[in-house]
Amino acid sequence: MQRYIYLDNNATTMPAPEVVDAMLPFMTGRYGNPSSMHAFGGLVGKDIENARANVARFIGADHEYEIVFTSGGTESDNMAIMGVLSYFRDKRHVITSRVEHPAVLSLCKKLERDGYRVTYVPVDREGSLDVDFLKSAVDDDTAVVSVMYANNETGVIFPVEEIGAFLKTRGVPFHVDAVQAAGKIPVDVNKINCDLLSLSAHKFHGPKGVGSLYVRRGTRIRPVSYGGHQERGRRPGTENVPGIIGMGTAADLALKHLPDYDTTVRAMRDRLEQGLLSGHKNAVLNGNRERRVPNTTNIGFEFIEGEAILLYLDEKGVAASSGSACSSGSLEPSHVLRAMGVPFTSAHGSIRFSLSRFVSGNDIDYVLSVMPEIVNRLLEISPYWDSAKQEPLPINL
Amino acid sequence: MWDYTDKVKELYKNPKNVGKIENADVVAEVGSIACGDALKLYLKVDDNDVITDAKFETFGCGSAIASSSALTEMIKGKTVDEAEKITNRDIADYLGGLPEEKMHCSVMGKEALNLAIAELRGEVEVQGYNDHDGEIICKCFGVEDTLIRKTIRENNLKTVEDVTNYTKAGGGCGSCIHKIEDILGEEREFAVVFREKEQEQAKSLTNIKRMQLVEETIADIIRPQLQKDGGDIELLDIDGKRVFVALRGSCSNCVLSDVTLRNLVQDRLREFVEEEIVVVEGK
């Protein structure tokens, strides 16, 4: 396999070597079931509790039992919203944002079909949430508010602390999808004042197929599936032991490496972004420059199409992603960019680069060195750009 | 990750005939930047109506670039009349196939070619297939019914999803899906009438022709009707004018299965294939 410069860390990350080492014994010798009476299995339960303590510390939870292990971000999001709704059956209103992950948005569409009222809070041109709109949408019928901490496509951070403080005064349960924030910025459930918070291990150098839902002590929530006593009956089924162990190790490492994100990763991201914006006349930044996770940049290349850029980048061994219509198989550009009102001239050509602590300065140099060739070639092919004059041609929409 | 053929990869990596033709005889532009893909086709045509040069500029994904490049390669050296016969299917075949969701890239090529030829001949608009010419069905992507109908016929499309994959119509807000549904229904009827005409032209059928017609009638007319009621039909054998079938699904233990066989299966086959057809139930 060709070596990739991997700048698609908001999609998934490389499992850290320490994570893999920690998981291996549980896929070989230590395969026991933690529910067993014998020590061979029972002792595995201690390792799970260790992992739980790591995850609790990672997000500043007061109690380890507030962490419920799940199969990942999607399950956690579903469990949080469905769990609250099935407890408060007479409340029929849900508030979320227009730019959530499909794990929340698709569920909300289903809830609407089931007769729920859903308010989708808009974002502005820079992708920042309209908090006043959210506040005014809360009423006595509101069962739960679910908002992401950081957006996966733009990296824009939402003011969850302000929302949490407000909702606390109104007594409305607050779920935060922190999948894209964890490991990139500090996450503290007590500062946020949330009742529920979702994590996914593979977004912070843990394994795929495991995540967690933080459930604040006393939060009214019913399980979504029924079975055994595991996870205190909140998420039954024999534990994904290797995954949970991996997530625990990853949470511990992520906490340790958080300062790297604020310093080296941010510096690399800024250098990449500046290089691309100043090197290309047709490049524009999507998303608020200040309130962003430090690893993400989303750049729209006007007059050329994102999938074509990705394919050319792939040829050069660079992995990134795009909000263009073609790359996703849908016919419209990403719902996030549309909600922001990004014009079509650049929405179809938007590229997301998402870094990690495993990216080096040389990688950034390499990407900056190959991009001009790619962008200029596609501009040459484009009917909307005059390559000789280096300026856009008139467009009939 | 799309499963692109090597030919598609080769042509988006190194597209042929990129650029403008300075004194082109015709320039045709289809699509738009809002839709996510657009193609500008430049042609040079000599006195004998031969396309001596073809170039393109494309805004779009890998398969849009590859389809444009393929189109220009295919039409160079052909007369305008020959080029007109190229279908979007031919463009896709030249590329060794395209993912279903990307078939609209080949349709864009065909559209540009049609427009260029129409302009060459001094026709203002592309000829539609019937009298209700050019009603915009899909507002999101500006797709007209003429294009939808033509694409349905040329590619034998059956579902709204197919139509979206090939023309993009219905892929935006989705509010035109019911209209596409109606067009599909009309086109199905058209296909039936068309087949009747064909049959009149060839009164006595060869064995192969008869088998083909039986199969088509079962697949396009009888089976969809049975499936509406949860049933199905299997064609077991054809011996001369005797057609052996078995009813499946909820039809298989329906007390009315005899009636179904006579009134639906046999009557339809007599209507669309031959008056003398006899249907026999097998197991």
Side-chain angles (χ1 to χ4, degrees), chain A residues 8 11 109 282 300-316 319 321-335 337-338 342-351 373-374 376-388 392-397, chain B residues 1-4 8-20 27-42 55-66 68-69 99-102 104-105 112 138 140-143 164-174:
Chain A
D8 199 11
K109 293 283 171 217
N282 63 326
F301 291 92
E302 289 187 294
F303 318 115
I304 59 179
E305 201 278 331
E307 186 205 288
I309 303 174
L310 290 188
L311 291 169
Y312 279 37
L313 273 173
D314 194 55
E315 285 297 309
K316 302 279 184 193
S321 88
S322 165
S324 91
C326 286
S327 59
S328 63
S330 76
L331 291 170
E332 295 203 330
S334 97
H335 68 284
L337 299 178
R338 272 182 293 147
V342 172
F344 280 115
T345 46
S346 66
H348 287 288
S350 71
I351 299 291
E373 190 189 327
I374 292 172
N376 291 334
R377 177 61 176 149
L378 288 170
L379 281 174
E380 256 171 54
I381 300 176
S382 171
Y384 302 123
W385 184 258
D386 187 335
S387 288
L393 288 162
I395 293 172
N396 343 321
L397 279 172
Chain B
M1 182 96 212
W2 298 109
D3 189 12
Y4 285 138
V8 174
K9 287 182 194 162
E10 176 196 319
L11 286 183
Y12 71 63
K13 271 186 242 167
N14 296 302
K16 294 177 180 156
N17 312 316
V18 171
K20 298 176 176 58
V27 183
E29 188 173 351
V30 294
S32 80
I33 199 162
C35 295
D37 43 25
L39 164 57
K40 204 167 177 180
L41 181 65
Y42 300 78
K55 288 198 170 178
F56 76 93
E57 292 171 318
T58 288
F59 168 81
C61 56
S63 57
I65 295 171
S68 312
S69 179
E100 277 295 299
E101 296 89 336
K102 295 283 189 178
H104 60 81
C105 294
C138 172
C140 297
F141 295 111
V143 188
T164 307
N165 282 337
Y166 279 68
T167 67
K168 290 184 155 195
C173 69

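Letters A, B, ... are given to chains in the order of the sequence lines, protein chains preceding strands, and every chain is numbered from 1.
Residue with the most contacts toward chain B among Leu311(A), Leu378(A), Ile304(A): Leu311(A) (heavy-atom pairs, distance under 4.5 Å). Of the listed residues (Pro383(A), Ser382(A), Ala308(A)), the one with the most heavy-atom contacts under 4.5 Å to chain B is Pro383(A). Between chain A and the residues Ala64(B), Pro15(B), Gly19(B), Ser63(B), the largest count of heavy-atom pairs under 4.5 Å involves Pro15(B).
What you find for Tyr384(A) and Ala38(B) is that their closest heavy atoms are OH-CB, 3.1 Å. Contact between Ile33(B) and His348(A) at its shortest, heavy atoms only, is O-CD2, 3.2 Å.
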Inset, instruction - Could you go through the side-chain contact (heavy atoms from CB on, under 4.5 Å) check for Arg377(A) and Val18(B) one step at a time? - result: CA-CA 10 Å; Arg377(A) 177 61 176 149; Val18(B) 171; 4.2 Å; yes
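Once rounded to the nearest 0.5 Å, the distance linking OG1 of Thr58(B) with CD of Glu305(A) reads 11.0 Å.
Of the two parts of Lys9(B), neither the backbone nor the side chain holds a non-hydrogen atom closer than 4.5 Å to a non-hydrogen atom of chain A.
Note: Tyr12(B) and Tyr312(A) have parallel aromatic rings, judged against thresholds of 30 and 60 degrees for the angle between ring planes.
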